[in-house]
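As the structure is a computational prediction, the values presented were derived from the model and not from experiment. No hydrogens, no waters, no symmetry mates; every other heavy atom, side chains included, goes into these values.
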Amino acid sequence: MAHVPTARDLMTPDVVSVPPDTAVVAVARLLAERGISAVPVLDKAGTVLGLVTEADLIRRLAGAEDQPTGWFRNPFADPAEQANRYARTHGATAADIMTTEVVTVEETAPATHIAHLMEERGIRRVLVVQDGKLRGLVSRADLLRALVAPPVEAAELSDDRIRRAVLATMRKEPWADTFYTLVEVKGGVVEFHGFRTAEAVQRGLRVMAENVPGVKGVIDLTEPLPPYLYPAV
């Protein structure tokens with residue numbers, strides 16, 4: 001099976017960081033001079049306290065035009081939320097404006113999990129930590145480099161083993177039809193026979209088969225599902 005890169009393989013280990021009392025202006029200058037978009041905030045022991053991003057700095061700049069919200073203007077406003085917003089848009093140090101809800105992973109986290117976190121949370125980076133201490137950082141660019149890296153050659157697998165792997169993968173997906181779609185493997189090439197219920201399903205099956213270790217190619221020989229079979233679907 002192909003090796004799946006982990007955070008240890010992908011991360012940038014020498015990450016620029018700042019202490020919590022660093023002035024906002026100094027943080028902004030650091031990001032501009034180093035050409036980076038975020039910097040972790042660490043205490044003296046190296047524990048991650050938060051992360052200052054370009055978005056935090058822009059929020060700090062935009063806060064200069066915030067208008068005070070009185071009780072009569074918004075009686076349902078949360079005072080704690082308002083106070084937090086004020087501190088983050090008027091603070092003078094990294095600790096004041098940093099994002100404290102930082103997404104972290106351990107060094108053994110696979111690239112697939114990291115990519116899922118980035119997509120799910122809508123973030124551009126995750127911090128790699130061990131016992132709370134910063135070990136490195138994985139960015140979207142790091143994941144892209146893993147995607148285009150030369151694949152590790154998979155061991156030669158028998159056609160029967162590949163076929164069983166494809167079928168097992170199909171059974172895990174509710175959209176993959178194992179009743180009307182038959183699978184054969186010849187010389188490492190997967191052939192789909194039978195009937196197709198939708199073009200999107202066949203596209204998904206092709207991608208699925210291509211990701212099974214040992215597969216050298218995929219041929220779709222299915223035909224459109226006859227109308228008389230639709231009631232049975």
Donor-acceptor pairs under 3.5 Å, side chain of residues 158-168 to any protein atom, not counting sequence neighbours: which ones?
{"residue": "S158", "atom": "OG", "partner": "R161", "partner atom": "N", "Å": "3.1"}
{"residue": "D159", "atom": "OD1", "partner": "G187", "partner atom": "N", "Å": "3.4"}
{"residue": "D159", "atom": "OD1", "partner": "G188", "partner atom": "N", "Å": "2.9"}
{"residue": "D159", "atom": "OD2", "partner": "G187", "partner atom": "N", "Å": "2.8"}
{"residue": "D160", "atom": "OD2", "partner": "R164", "partner atom": "NE", "Å": "3.0"}
{"residue": "D160", "atom": "OD2", "partner": "R164", "partner atom": "NH2", "Å": "3.4"}
{"residue": "R163", "atom": "NE", "partner": "V183", "partner atom": "O", "Å": "2.9"}

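- Within the structure, the side-chain hydrogen bond (donor to acceptor under 3.5 Å, both in side chains) test picks out the following pairs touching residues 114-131 (sequence neighbours left out): S37-R125.
- Here CD of E107 is found 8.0 Å from OG1 of T6. Values are rounded to the nearest 0.5 Å.
- The pair R206-E210 meets the salt-bridge criterion, since a charged nitrogen lies less than 4.0 angstrom from a carboxylate oxygen.
- Looking at every heavy atom in both residues, T99 comes nearest to V102 through O-CG2, 3.4 Å.
- Taking OG1 of T53 as the reference point, atom CZ of R59 lies at 6.5 Å (rounded to 0.5 Å).
- With contacts defined as side-chain heavy-atom distances shorter than 4.5 Å, the pair K133/T47 qualifies.
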Under 3.5 Å, side-chain donor or acceptor atoms of residues 14-22 against the rest of the protein: list the pairs with distances, not counting sequence neighbours.
{"residue": "T22", "atom": "OG1", "partner": "P19", "partner atom": "O", "Å": "2.8"}

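- Scored by the salt bridge (Lys or Arg N to Asp or Glu O under 4.0 Å) test, K186 finds E184, E191 as partners (sequence neighbours excluded).
- The NE2 atom of H113 sits 11.0 Å away from atom CE of M118, with the distance rounded to the nearest 0.5 Å.
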Exercise. List the steps and the verdict of side-chain contact (heavy atoms from CB on, under 4.5 Å) for L42 and V48.
Key: CA-CA 5 Å; L42 311 181; V48 177; 3.8 Å; yes
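- Residues F195 and L225 approach most closely at CB-CD1, 3.6 Å, considering heavy atoms.
- In plain terms, the two heavy atoms of L205 and A176 that are nearest each other are CD2-CB, 3.9 Å.
- Hydrophobic cluster of I219: the remaining members, joined at side-chain heavy-atom separations below 4.5 Å, are V189, L221, listed by chain and number.
- Sorted by first then second residue, the salt bridge (Lys or Arg N to Asp or Glu O under 4.0 Å) pairs that include residues 34-45, not counting sequence neighbours, number zero.
- Looking at every heavy atom in both residues, V215 comes nearest to A209 through CG2-O, 3.2 Å.
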Quiz item: Going through the checks in order, is the side-chain contact (heavy atoms from CB on, under 4.5 Å) test met by V138 and V105?
Solution: CA-CA 9 Å; V138 177; V105 297; 5.7 Å; no
Quiz item: Going through the checks in order, is the side-chain contact (heavy atoms from CB on, under 4.5 Å) test met by L57 and E54?
Solution: CA-CA 5 Å; L57 291 170; E54 290 174 325; 5.6 Å; no
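- Summarising the geometry of A7 relative to I114, their closest heavy-atom pair is CB-CD1, 3.8 Å, with the distance given to 0.1 Å.
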Exercise. Walk me through it: do T108 and R8 pass the test side-chain contact (heavy atoms from CB on, under 4.5 Å)?
Key: CA-CA 7 Å; T108 55; R8 184 184 294 108; 4.1 Å; yes
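- Considering CD1 of I36 and CD of E33, their distance stands at 10.0 Å, rounded to 0.5 Å.
- With values rounded to the nearest 0.5 angstrom, D220 atom CG is found 4.5 Å from Q202 atom CD.
- Across every non-hydrogen atom of L143 and A115, the tightest pair is CD1-CA, 3.8 Å.
- Distance check, rounded to the nearest 0.5 Å: CZ of R135 to CE of M11 gives 6.0 Å.
- V24 places none of its side-chain heavy atoms less than 4.5 Å from the side chain of D96.
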